[in-house]
Amino acid sequence: MGVEAYFPMATNEQADASGANPNPAFINLLTNNWNSLLDNDILPFAHSLKGGSGMPVVFSETGLLPYNRTTVTPWDAMPSSDLDPDEQIMGFKTLMGATDHRKANDNLLAINIWSWGMAGSNGNLWNMGVTLPPDQPLNVPATQYLADFITHSIPEPSTFALAALGILGVLTYARRRARCPAGS
């Protein structure tokens, strides 16, 4: 089951007070909101499909921009005129924290992070890359965090893959649940 995961995780007031990364109170708030959404809505719905035999879940698209209130309206191309790369990074940290180490039977397979970077998209706010892209350098810290998370933070037997899907402009991380023991 594909889910476009642009969900509001904070209020304007909470985002405005998010502060510098890491802000443990803000990170806990967002992580709890992600866990609540997953545990009470997304995963139960997916498990109820196909006559109760369930379906795997893939976040087919999600993204955050380096602006204040990106965790309030993540779908918005300009949630605020105030730069806030710390809120963007904390937003991604909470998504990774809420989805990492889920039980195998949750069947949460992948998260695709919107990452325009294809020819002709110069100047697009969503361009992301681990090196300084000339048209969107503000996304570099968040992209570096995601790349580091995937390459250094995932212990075996969990297997994660990072793949740029070229023409689709999507940065993907996927966990092959078949290799994860139940309850991990």
Side-chain angles (χ1 to χ4, degrees), residues 1-11 14-15 18 26-65 69-77 79 87-117 126 128 139 142-143 145-184:
M1 176 182 91
V3 177
E4 288 188 12
Y6 292 95
F7 299 104
M9 291 291 134
T11 65
Q14 291 164 334
S18 64
F26 189 67
I27 289 171
N28 288 338
L29 170 81
L30 297 182
T31 301
N32 289 339
N33 288 346
W34 272 114
N35 282 323
S36 178
L37 182 66
L38 286 162
D39 294 337
N40 299 318
D41 295 304
I42 295 172
L43 295 175
F45 178 75
H47 293 155
S48 74
L49 297 174
K50 293 199 171 193
S53 62
M55 293 185 72
V57 175
V58 172
F59 283 3
S60 55
E61 182 180 318
T62 193
L64 297 166
L65 290 171
R69 299 185 179 175
T70 192
T71 57
V72 179
T73 56
W75 58 86
D76 194 342
E87 183 180 345
Q88 179 191 34
I89 292 170
M90 288 187 285
F92 280 124
K93 279 183 178 181
T94 62
L95 174 60
M96 299 300 110
T99 57
D100 192 26
H101 305 298
R102 289 225 158 229
K103 293 181 259 182
N105 64 353
D106 281 344
N107 222 0
L108 180 60
L109 300 181
I111 296 173
N112 299 302
I113 297 173
W114 192 245
S115 164
W116 276 125
W126 299 91
M128 294 180 80
N139 286 321
T143 308
Y145 161 74
L146 290 166
D148 185 62
F149 175 84
I150 293 163
T151 58
H152 297 105
S153 300
I154 312 306
E156 288 298 328
S158 302
T159 301
F160 284 78
L162 176 65
L165 298 181
I167 193 74
L168 297 177
V170 177
L171 179 66
T172 302
Y173 101 84
R175 181 177 185 177
R176 289 183 290 197
R177 298 288 181 176
R179 291 189 50 199
C180 297
S184 69

I'd like to know if the side chain of Glu87 reaches the main chain of Arg69, judged simply by a donor and an acceptor atom lying under 3.5 Å from each other, with no hydrogens or angles considered. yes
For the atom pair CG (Asn33) and CG (Leu29), what is the distance rounded to the nearest 0.5 Å? 4.5 Å
Looking at side-chain heavy atoms only, is the closest gap between Met1 and Leu49 below 4.5 Å? yes
Before accepting this row, confirm whether a basic side-chain N of the pair Asp100/Lys93 lies closer than 4.0 Å to the acidic partner's carboxylate O. no
Nearest heavy-atom pair of Pro79 and Leu65: which atoms, and what distance? CD-CD1, 4.3 Å
For the residue pair Ala10 and Leu30, what are the closest heavy atoms and their distance? CB-CD2, 3.8 Å
Of Ile111, Thr70, Thr143, Leu64, which meets side chain to side chain contact (heavy atoms under 4.5 Å, CB included) against Phe92? Leu64
For Asn40 and Ser36, does a side-chain donor sit closer than 3.5 Å to a side-chain acceptor? yes
Main chain of Gln14, side chain of Thr11: is a donor-acceptor contact present, judged purely on distance under 3.5 Å? yes
Any side-chain heavy-atom pair of Met9 and Thr94 under 4.5 Å: no
Would you sort out whether Ile113 and Phe59 count as a side chain to side chain contact (heavy atoms under 4.5 Å, CB included), showing the intermediate values? CA-CA 8 Å; Ile113 297 173; Phe59 283 3; over 6 Å; no
Scanning both residues in full, the closest heavy-atom pair of Thr71 with Gly91 reads CG2-CA, 4.0 Å
Of Ile42, Val58, Thr99, which meets side chain to side chain contact (heavy atoms under 4.5 Å, CB included) against Leu108? Thr99
Rounded at 0.5 Å granularity, tell me how far OG in Ser48 sits from CE in Met55. 10.5 Å
Scan side-chain atoms only and decide if Glu4 and Thr62 contain a donor-acceptor pair under the 3.5 Å cut-off. no
Ignoring hydrogens, what is the shortest heavy-atom contact between His47 and Asp106? Give both atom names and the distance. NE2-O, 3.4 Å
Taking C-beta and beyond as the side chain, do Val57 and Leu43 meet within less than 4.5 Å on heavy atoms? yes
Arg102 vs Asn35, side chain to side chain contact (heavy atoms under 4.5 Å, CB included): CA-CA, chis, key distance, verdict: CA-CA 10 Å; Arg102 289 225 158 229; Asn35 282 323; 2.8 Å; yes
Identify the two heavy atoms, one from Trp34 and one from Ala98, that lie closest to each other, and give their separation to 0.1 Å. CB-CB, 3.4 Å
